[in-house]
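First up is the structure itself, then whatever we jot down about it.
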There are 2 protein chains.
Amino acid sequence: MGNGNRRLKLEDIARTLGVSTATVSLALRDSPAVAEKTRLRVKEYADKAGYIYDRSAASLRTSQSNMIGVAVHDIMNPYFAEVFHGLEEALVEKGKTILICNHKDDLQRQQRFIDTMLQHRVDGLIICPSIGTKPNNIKRIVSQGIPVTLVCRDLAGSGAPCVRGDDYNGSYQITKHLIEQGHKRIAMVGGRRGSSSGKDRNSGWRQALLDAGLNPDEQIDIPEAMTQKEGQGAAFELVHSKQPPTAVMCFNDLVALGVMSAARRLGIQPGPGLAVTGYDDMEGVGNRSPALTTVSNGATEIGELAAQLMLRQLKGKPVSLDVPLVQPVLRIRESAPPPGKTLKAFSPA
Amino acid sequence: MGNGNRRLKLEDIARTLGVSTATVSLALRDSPAVAEKTRLRVKEYADKAGYIYDRSAASLRTSQSNMIGVAVHDIMNPYFAEVFHGLEEALVEKGKTILICNHKDDLQRQQRFIDTMLQHRVDGLIICPSIGTKPNNIKRIVSQGIPVTLVCRDLAGSGAPCVRGDDYNGSYQITKHLIEQGHKRIAMVGGRRGSSSGKDRNSGWRQALLDAGLNPDEQIDIPEAMTQKEGQGAAFELVHSKQPPTAVMCFNDLVALGVMSAARRLGIQPGPGLAVTGYDDMEGVGNRSPALTTVSNGATEIGELAAQLMLRQLKGKPVSLDVPLVQPVLRIRESAPPPGKTLKAFSPA
DNA sequence: CGTCCCTTGTGAAACGTTTTATTACCCTAT
DNA sequence: ATAGGGTAATAAAACGTTTCACAAGGGACG
């Protein structure tokens with residue numbers, strides 16, 4: 001019971017039991033160099049006496065901490081939360097502790113975090129790199145012998161493997177779906193073009209249009225939006241443009257929700273009045289009305305994969321920098337039907 | 001650039017500069033005991049040479065790590081994500097690093113995490129205790145001199161202060177609002193009765209009914225639901241009960257969304273056909289249709305407050321265990337109008 | 001009986017900081 | 001010239017592990 005005293009250390013146990021600290025250390029870690037009987041004796045006493053292992057001391061000696069640093073853009077984004085979930089499960093199972101940071105696409109913040117992690121001697125870093133991250137920043141870490149795994153956003157020349165979905169393909173598919181529904185004027189909203197996901201999803205959209213004989217340059221392309229609020233803003237812009245689109249392909253589900261709610265406020269019924277698609281298939285978007293047509297990109301799977309890749313690197317096994325992309329799957333639901341009789345207003349309430 | 005060599009240490013810098021390691025250590029930490037000139041010289045060289053501070057060594061020496069452990073039920077829950085957000089902002093500003101864990105209301109998982117944190121010599125712990133946590137488990141940590149701050153869920157007898165919203169008052173208010181709208185049969189859905197928030201929100205509902213001369217025992221009370229999916233299940237149960245309610249007060253927004261989507265599937269229009277209220281005022285719920293009537297309980301504020309409380313404890317200042325509850329504020333929107341002409345079906349599509 | 005190997009156990013040197021007590025030095029006032 | 005006082009710098013002892021090299025004992029085998 002909470003004796004106000006100093007914490008117990010190996011030496012204390014050793015003295016009490018009449019053995020050396022070396023023996024105690026070895027025993028606690030199940031080294032075969034110590035006899036079964038002694039091991040039991042040590043463990044039992046340590047347990048009873050409430051011994052608490054000091055990882056700082058161990059880290060100092062061994063130069064490794066059993067900690068993994070995770071930096072993502074924003075854990076509040078349900079999509080990242082899901083990725084994180086996959087990550088965490090796999091890592092805690094292996095006894096790793098997670099240090100976390102939301103860098104919010106702020107380079108300085110990200111750098112500060114990385115520095116701190118290095119000071120803590122983390123065993124590895126899992127990063128969704130902030131937009132504008134220089135490949136060299138990552139490369140430097142890797143060349144110090146600290147494994148880095150990127151998630152969601154790739155960074156050419158960083159020397160680190162990246163686990164992510166096939167953004168190009170996903171957006172190509174869903175745009176193609178819109179085209180097949182009969183849409184001819186299809187906007188794209190959102191996505192930071194400075195990130196690989198923003199870039200790739202935009203390319204998919206362009207290519208799908210081109211392949212269908214539609215000219216992407218005549219379509220509407222509104223970059224940057226990432227959140228629900230920004231999606232709303234974009235929707236206003238779209239509706240008031242000279243030639244409003246009949247469909248809008250959004251960078252992610254959040255933006256799509258924003259677009260739909262703005263449309264509603266403008267008297268346009270999302271779905272019949274304006275086809276809207278999302279990306280990510282966040283939890284719950286299939287249950288709304290209209291149920292969101294979107295792309296499931298296997299967030300949990302991406303998290304798990306990244307964790308596995310990290311663990312493999314920690315074991316010293318070399319990993320290929322060329323990780324196969326996780327394949328997305330289309331979720332056709334209700335929010336993107338064929339074009340209606342043009343933008344038909346309906347009275348709310 | 002990445003010399004494959006050993007990491008630089010204080011001693012190396014000292015040798016190069018012809019001073020002692022003590023001087024270097026002091027200089028880097030801006031001690032007034034070292035002359036301005038030397039300090040600059042040291043810092044400049046350390047910077048140029050790419051020195052990386054080793055926190056394990058420092059932790060070992062000083063018995064503190066600058067790390068704070070945070071254990072919550074589930075970071076994927078947007079509400080907790082918001083609390084976490086408040087926490088993080090306040091903590092990183094003070095140079096703290098966050099160790100995180102989702103305990104998922106699994107006691108064993110929570111305990112493992114706590115143990116690991118203690119081994120890492122975290123400076124403090126911020127915990128939303130798993131349901132079923134024994135006050136003693138927390139008390140033991142506190143009595144070791146490690147500050148603990150609880151968030152969202154209180155735990156009497158734990159010896160740790162708790163920052164949380166006034167759940168009783170919030171649910172009382174919103175139930176009262178439903179009553180004022182003319183509802184007489186008001187169900188409550190969700191909330192683990194083993195947690196303070198579940199218990200308090202349920203009490204608020206009961207008391208509001210009693211104060212209005214309604215008998216809580218005749219109303220419908222479905223505990224446990226916490227997620228959208230569980231909310232859907234509950235909705236089916238409600239609608240098919242002998243005397244279906246005209247309003248349902250949900251434990252949180254997630255459950256409310258579930259109830260509304262299920263209602264819709266059953267041909268009932270959420271709002272006019274069935275009044276639904278949420279709790280938490282998660283981002284975006286005001287933009288949906290119908291806009292959710294709910295209670296904003298200041299998640300970010302709770303997170304910030306908890307962080308402040310922790311920081312104060314870290315400075316050694318004693319804090320009162322009696323923290324004033326964060327006052328919730330009602331968000332009256334569209335989802336809880338007066339009762340319609342009883343459950344009126346409407347045709348979807 | 002001596003030699004060798006195997007099993008257990010140990011002493012002591014790291015690991016890279018922080019901090020306390022002490023020294024070295026220079027300046028000023030007597 | 002000497003004492004006193006302030007400023008800068010330092011030596012060395014922690015902090016609690018891990019691990020390397022070695023020692024002690026005990027069979028087995030020649």
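Naming convention: chains lettered A, B, ... in sequence-line order (proteins, then strands); numbering from 1 in each chain.
- Nearest to the side chain of B/Ala58, among C/dC15, C/dT18, C/dT10, sits C/dT18.
- In the set C/dG16, D/dT18, C/dT10, D/dT18 carries the atom at the smallest distance from any side-chain atom of A/Thr62.
- Atom P of nucleotide C/dT17 and atom CZ of A/Arg121 are separated by 8 Å, given to the nearest angstrom.
- The side chain of B/Tyr53 has C/dT17 as its nearest neighbour among C/dA12, C/dT17, D/dG16.
- Relative to the side chain of A/Ser20, the nucleotides C/dC15, D/dA13, C/dT10 differ in distance, and C/dT10 lies closest.
- Checking C/dT18, D/dT19, C/dG16 against the side-chain heavy atoms of A/Leu26 singles out D/dT19 as nearest.
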Show me the protein contacts with nucleotides 21-25 of chain D, counting only N or O atoms at under 3.5 Å.
none

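- With D/dT10, C/dT18, C/dG16 as the choices, the nucleotide that has an atom nearest any side-chain atom of B/Ser25 turns out to be C/dT18.
- Nearer to the 5' terminus of DNA chain C, by closest-nucleotide assignment, is the contact made by A/Val34 (compared with the other of A/Val34 and B/Thr21).
- For the pair B/Asp54 and A/Ala22, both in contact range of DNA chain C, the more 5′-proximal nearest nucleotide belongs to A/Ala22.
- Between B/Thr38 and D/dA9, a side-chain N or O to OP1/OP2 separation shorter than 4.0 Å is present.
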Please list, pair by pair, any protein nitrogen or oxygen found under 3.5 Å from a nitrogen or oxygen in nucleotides 23-28 of chain C.
none

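- Side-chain nitrogen and oxygen atoms of B/Arg29 include at least one within less than 4.0 Å of the OP1 or OP2 phosphate oxygen of C/dT18.
- Distance from the side chain of A/Ala35 is smallest to C/dG9 among C/dC15, C/dG9, D/dA14.
- With rounding to whole Å, B/Asp30 atom CG is found 12 Å from C/dT18 atom P.
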